[in-house]
S.K.: 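Please find one structure pasted underneath; my questions will follow.
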Amino acid sequence: MADTIFGKIVRGEIPADKLHEDEHCIAIRDIHPRAPVHLLVIPKKPIPRLVDAQPEDQALLGHLMLVARQLAEDHGVGNSFRLLVNNGEGAGQTVFHLHLHILGNDKYSEADMAG
Ligand code: AMP
């Protein structure tokens, strides 16, 4: 499987300001924020795309959402945020290591995550 920048961050090979870390995932700020609060929740397991997740990843996927909820709350946007997963190149995915975008305090726009 091809390595990615997020794999390197997860393994500590590239320094990053981790906002959260547990056994299953980390969270960092997006380097090119597209909302006043733009965070990424990244599983340690290198699942390339959401469609590559397997039934045994069910608990992990749920965990990522609960961590996202907590992070949104901790960053003051607990009542107004979006969670977004770009799946595949056609949807604008650029890093092929699954991640959840937390977008807080932004105005909904169909196009804002398209690339
Ligand atoms: P996606 O387009 O869904 O694959 O999202 C990848 C996201 O990762 C983009 O929003 C990038 O701005 C962000 N990104 C890429 N490299 C880094 C990095 N080193 N640290 C933080 N965010 C990054």
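All ligand and atom numbering here is 1-based and tracks the order in the structure.
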S.K.: As an exercise, identify every atom of ligand 1 less than 4.0 angstrom from a heavy atom of His101.
M.R.: 1 (P), 3 (O), 5 (O), 7 (C), 10 (O)
S.K.: Which atoms from ligand 1 have a heavy atom of Ile28 less than 4.0 Å away?
M.R.: 20 (N), 21 (C)
S.K.: Please determine whether side-chain hydrogen bond (donor to acceptor under 3.5 Å, both in side chains) holds for the pair His32 and Asp30, giving the CA-CA distance in whole Å, both sets of side-chain angles, and the decisive distance to 0.1 Å.
M.R.: CA-CA 5 Å; His32 298 303; Asp30 196 292; 5.9 Å; no
S.K.: Which class fits the ring pair His101 and His38: parallel under 30°, tilted 30 to 60°, perpendicular over 60°?
M.R.: tilted
S.K.: Considering only heavy atoms of Val95, which atoms of ligand 1 have at least one such atom less than 4.0 Å away?
M.R.: 4 (O), 6 (C)
S.K.: Heavy atoms, side chains only, cut-off 4.5 Å: are Arg49 and Val85 in contact?
M.R.: no
S.K.: Side-chain polar contacts of residues 72-81 - donor-acceptor pairs under 3.5 angstrom, sequence neighbours left out - could you list them?
M.R.:
{"from": "Asp74", "atom 1": "OD1", "to": "Gln70", "atom 2": "NE2", "distance (Å)": "3.0"}
{"from": "His75", "atom 1": "ND1", "to": "Leu71", "atom 2": "O", "distance (Å)": "2.9"}

S.K.: Between Ile9 and ligand 1, is there a nitrogen or oxygen pair with a distance under 3.5 Å?
M.R.: no
S.K.: Below the 3.5 angstrom mark, is there an N/O of Gln93, backbone or side chain, next to an N/O of ligand 1?
M.R.: no
S.K.: Report the residues that fulfil side-chain contact (heavy atoms from CB on, under 4.5 Å) with Arg11, sequence neighbours left out, ordered by chain and then residue number.
M.R.: Asp3, Lys8, Glu13
S.K.: Using atom types as modelled and distance alone, determine if a side-chain donor or acceptor of Asp22 lies under 3.5 Å from a backbone N or O of Cys25.
M.R.: yes
S.K.: Of all the atoms in ligand 1, which lie at a distance below 4.0 Å from a heavy atom belonging to Arg34?
M.R.: 9 (C), 10 (O), 12 (O)
S.K.: Please give me the minimum heavy-atom distance between Asn87 and Leu50, naming the atom from each residue.
M.R.: OD1-N, 3.1 Å
S.K.: Has ligand 1 got any nitrogen or oxygen that is less than 3.5 angstrom from a nitrogen or oxygen of Ile31?
M.R.: yes
S.K.: Distance under 4.0 Å to a non-hydrogen atom of Leu40: what atoms of ligand 1 satisfy this?
M.R.: 8 (O), 22 (N)
S.K.: Can you check whether His99 and His97 have ring centres sitting under 6.0 Å from each other?
M.R.: no
S.K.: For ligand 1, indicate whether the residue Thr94 contacts it via side chain, backbone, both or neither (heavy-atom separation under 4.0 Å).
M.R.: both
S.K.: Pull out every atom of ligand 1 sitting under 4.0 Å from any heavy atom of Asn86, numbered as shown with elements.
M.R.: 1 (P), 2 (O), 3 (O)
S.K.: Residue-level breakdown please: for Arg29 versus ligand 1, do any non-hydrogen atoms fall below 4.0 Å on the side chain, on the backbone, on both, or on neither?
M.R.: backbone
S.K.: Can you tell me if Phe96 has a non-hydrogen atom under 4.0 Å from ligand 1?
M.R.: no
S.K.: Using 4.0 Å as the upper bound for N to carboxylate O, is an ion pair formed by Lys44 and Glu21?
M.R.: yes
S.K.: At a 4.0 Å threshold, what atoms of ligand 1 neighbour a non-hydrogen atom of Gly92?
M.R.: 1 (P), 2 (O)
S.K.: Of all the atoms in ligand 1, which lie at a distance below 4.0 Å from a heavy atom belonging to Ile5?
M.R.: 19 (N)
